[in-house]
Structure formats: structure tokens, C-alpha cells
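Worksheet: the structure to be examined is printed underneath.
Read the numbers this way: they start at 1 and go in the same order the structure lists the ligands and their atoms. Each residue takes its place number in the sequence, starting with 1.
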Amino acid sequence: MNKTDVRTLQQYLRENGTYSGKLDGIRGPRTRAAVGATLEAHADTLPEDAGTWSDRRRTVVCLQLACRERKIEVGPLDGLWGPQTEYAADVLATIHRTGKPPVPWRDQTPLDVNPNGWPREAELRQVLGSPTRKPPMVVVPCPWKLALAWDLNTCPTGIGCHERVADSLARVLDRVYDHYGPERLMELGLHRYGGCYNKRRKRGGTAWSTHAWGIAIDWDPAHNKLKWGRDRAHLAGAEYDTWWQIWEEEGWVSLGRTRNFDWMHVQAAKP
Ligand SMILES: [Zn+2]
């Protein structure tokens, strides 16, 4: 139980009228008194020996009560700080902050369809040829203004990719533009283009990268670093759900959505 959790508890105590102090995340005397009053009011729902528990354990059980009142699954009211209580406290904090529970990311299973018949990564060499030869390239114009992620003053007019994926990429870009519009795309950082064709091996691996065939694109790499998971990567946010859905409907694969790393990367090949 950290300061944020104590603050969440204090906000609950304030809402139920037992606490009028600061939301400072400190278990001081006023917080302890408010916890005491709240536990007394709910004595019938608590284990009989709860009166003998330590201050810390009574604070935890009070936060568990707060979660239960909001219908958050918190497990037994035992005053013990386990993973279920910790997660429930996070949910309660999100409700306090936004008025809504967090978006259930585990339910957002990536769509797995393949309308364009993208190859599997393991067969890329057979299907598209050796990655050491430059692939047949086409530049697909981008309907919104792009800027190179590492040099924002350079604004490519399109994305150079393998000719095999060009039509699909054009459809994706059009749909994305129709959905979000230029201003929102800029706000979301989707103008920060991280490159497509690049004759290189996988970072942190020995196999050829899908970039070497010009069938993968990186977006906003500074805010979606290779090893970042959904807790840090911008592109994991709920505001990008439609973005990913549009790619996935064309069979493209997000490594972030399927494996929770390299959220910048989307590819026209099945892993
Ligand atoms: Zn990439």
C-alpha cells in the first residue's frame, strides 16, 4: 500500500463524510480516526477480530470496504494487501479520477484476420525473396502531414513500402484519416513517422526484421520504445483502439497488441 493508495482511501473517507483533511497520502491521526469511524459503521460486515488488528491492517480493510461499495471485486475483507486488493485500489483510483472504471484491456483481443493473405514471418524469404536485395518499392502518399520522428523538420509526403502491401497501406491510411482527422492525428502523435523500409536485422535478435522487406512501419518511436509495455507505451491507450482495428482489419499485426512490446511497430506479416 503506497501513498497513492492512501490518497484513494482519503478521497473515499472524504466522500463518506468522515474525513475533511488533505489528500496527502499520509496515514496521520485524522485519517486513522476516519478509518475508525468508518469501520465502526460497517462492523457487521467485518470479521469479529477486526477490532484487534494493527492500524495498517485496519487501513487496508477500510480501502477494501471502499472498493466493495463501488462493486469492485476485491476479495475477502481481511485487511491483507495482496494483488487483488492492489488491483482493486487502482480501479477505485481510476474511478475517482475519471468517473469511470479503466478500459478492460484484456478484453481488447486483437483481430486475427488475413484478407490480403500476408505471409508468415518464417516464409518471408520464400514469398518475397532475399532481404539483402532491395524490394520493389512504391511510395504511398499519406493523407495527413508526416514528420520524421528523429528530425521533425523533415516531412516525407508518403511511405515507401513493398509494392505488395501498398494498396492495403493506402486503404489503412485513408480510413485512419477519415476517422481521426488531421488535428487529432497530430495530438495523438501519429504524424511522427518512424520509418518503413530498412535493411536491418531485428533489434535484440539475429533474424531479419520485417522492415528489411519494406512491409513494416514504425510510429512515434520516442513514446513507444521497444521494451515498453502497455503501462508506458502511448499507442497502447484506448484512444488508439480504432487505429489498431483499422490495421487489423487489413491483416496487419501490431506487436504491441499481440505481444505487449514494440508498440511502435505494425507489420504485414503474421508472427
Ligand atoms: Zn518496427
Exercise. Taking salt bridge (charged side-chain N to carboxylate O under 4.0 Å, His left out) as the test, write out the residues that go with Arg192, two or more places apart.
Key: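 With sequence neighbours excluded, Arg192 shows a salt bridge (charged side-chain N to carboxylate O under 4.0 Å, His left out) to Asp220, given in chain and number order.
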Quiz item: Excluding sequence neighbours, so at least two apart, what forms salt bridge (charged side-chain N to carboxylate O under 4.0 Å, His left out) with Arg125?
Solution: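 Applying salt bridge (charged side-chain N to carboxylate O under 4.0 Å, His left out) to Arg125 gives none.
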Exercise. Report yes or no: do Glu121 and Thr210 form a side-chain donor-acceptor pair below 3.5 Å?
Key: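 No pair is found: no donor N or O on one side chain lies under 3.5 Å from an acceptor on the other.
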Quiz item: Relative to each other, are the rings of Trp118 and Trp252 parallel, tilted or perpendicular (30° and 60° limits)?
Solution: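 Trp118 vs Trp252 ring planes: perpendicular.
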Exercise. With Tyr12 as reference, evaluate His96, Glu69, Arg70 under the side-chain hydrogen bond (donor to acceptor under 3.5 Å, both in side chains) test and give the passing residue.
Key: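 It is Glu69, the one option of His96, Glu69, Arg70 that forms the side-chain hydrogen bond (donor to acceptor under 3.5 Å, both in side chains) with Tyr12.
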Quiz item: Mind checking what makes side-chain hydrogen bond (donor to acceptor under 3.5 Å, both in side chains) contact with Asp112, not counting sequence neighbours?
Solution: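 Checked Asp112 against side-chain hydrogen bond (donor to acceptor under 3.5 Å, both in side chains); matches are Lys270.
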Quiz prompt | Under 2.8 Å from the Zn ion (ligand 1) - protein N/O/S, by chain and number | solution =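 Less than 2.8 Å away from the Zn ion (ligand 1) sit His211 NE2, Asp218 OD1, His265 ND1.
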